[in-house]
Amino acid sequence: YIGVRNEQAAGLMAEGFARAGRRIGVCMAQAGPGATNLLTGVASAYKGAIPMLVITGHHPLWLSEKDAFQEMEQVELYSHVTKWSHAVPSAEKIPHALRKAFRVAFDGRPGPVHLSIPSEFLQEEIDFAPRPPERYRPIGAPGPTAAQLDQALDILRNAQAPALLVGPELVWEGGFEALARLAESQGLPVVTTDFAHDTFPTSHPLGMGSIGREGWDCANQVVHLESSSRDPEVSGWEFDQLQQRWSPILAHDPYDNPN
C-alpha cells in the first residue's frame with residue numbers, strides 16, 4: 001500500500017503500475033472530492049485499455065439522499081470512464097462485487113472498473129470462501145485461429161502498401177518483440193494510436209509515430225488521413241475512416257467477442 005498526498009496521483013500511479021507491470025492497478029479514495037480527483041487517471045486507463053480497480057468510499061446508507069457533506073452520485077460519474085460502475089448494496093456482497101469487477105476488467109478489451117462501498121460495510125465481518133482467479137475471470141487474451149493467421153498472411157502477401165496500425169491492447173499483452181519481428185521481417189511501417197506510443201520506437205527506421213492531430217505527419221500519410229495532422233478538424237480520427245481503406249483482418253480487434 002502506497003499513500004499519496006493527492007488522489008489524482010493515486011489514479012495515475014495505478015494506471016502506470018498496470019501499464020508497466022501488466023498487472024491490474026488498484027487505487028482508492030474517500031467519497032466526494034477524493035473520488036473526483038481520481039478521475040484523470042481512470043479516464044486515461046479507459047482510453048488506453050488498461051485494467052484498473054477503483055474503490056471509492058461512500059457515506060453511511062442512512063445519510064443517502066439527505067444532501068450530506070460532500071455527497072454526490074459517484075456511480076453515475078464513473079460510469080462514463082469505466083467498463084462497470086457499481087454501488088455495493090451490502091457487506092456480504094463485497095466478495096461477489098470484487099470477483100465481478102476483476103472479471104469485467106479483464107474480459108474483452110481491458111479497462112477500469114469502479115466500486116462504491118459505504119463506510120459501515122468496511123467495518124463488518126463476513127464469511128466467504130476464496131476462489132482461484134481462473135474460476136471467475138479470464139486468464140490472458142484469446143489468440144487468433146489458424147484460419148485467421150492464414151488469412152492475414154495472404155492479405156500481407158497481396159497488399160499493395162502494407163503497414164501495421166497498433167493499438168494499446170498490445171501493451172497489455174506484451175507483444176513488443178513479436179511486433180518488431182513482424183515489422184522487420186516484412187519491412188512494414190508501424191503506426192500507433194494515441195495510447196500506444198511505447199509499443200514501437202520512433203527511432204526505428206520503420207517507426208512512423210502516432211496518428212491524429214497531435215501525431216506525426218508521416219504517420220498520418222501512411223494511413224491516408226485526408227487532413228494534415230496540424231488541421232484542427234483532425235483532433236481525433238474515426239476507426240471507420242481507416243476500415244474503408246484497410247483490410248478488415250488487419251483492423252480486427254482480438255478482444256471483440258460477438259457472443
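What's counted below: heavy atoms across the whole structure, side chains too, no hydrogens, waters or symmetry copies. Throughout, residue positions are numbered sequentially from 1 according to the sequence presented.
- Here the side chain of Q74 pairs a donor or acceptor atom with the backbone of G32 at under 3.5 angstrom.
- In the hydrophobic cluster analysis, where Ile, Leu, Val, Met, Phe, Trp and Tyr join through side-chain heavy atoms closer than 4.5 angstrom, I94 is grouped together with F102.
- Proximity of a side-chain donor or acceptor of S85 to a complementary backbone N or O of V75 within less than 3.5 Å is detected.
- Here the closest heavy-atom approach between residue T193 and residue G167 is recorded as OG1-CA, 3.5 Å.
- Checking side-chain atoms of N158 against main-chain N and O of D154 turns up a donor-acceptor pair under 3.5 Å.
- The closest donor-acceptor contact from the side chain of S79 to the backbone of E76 lies under 3.5 Å.
- Transitive grouping of hydrophobic side chains (ILVMFWY, heavy atoms separated by less than 4.5 Å) keeps L12 and I24 in distinct clusters.
- Side-chain atoms of H204 and E184 include a donor-acceptor pair closer than 3.5 Å.
- Under a hydrophobic-cluster definition in which Ile, Leu, Val, Met, Phe, Trp and Tyr are linked whenever side-chain heavy atoms come within less than 4.5 Å, directly or via other members, V26 and I117 are assigned to the same cluster.
- In this structure, NE2 on H114 lies 15.0 Å from OH on Y46, to the nearest 0.5 angstrom.
- Between L188 and the choices L164, L206, L179, the side-chain contact (heavy atoms from CB on, under 4.5 Å) rule is met once, by L164.
- Criterion: ILVMFWY side-chain heavy atoms under 4.5 Å apart, direct or through other members. Under it, F195 and I211 are not part of a common hydrophobic cluster.
- Between I2 and M13, the shortest heavy-atom distance links the atoms CG2-CE, 3.8 Å.
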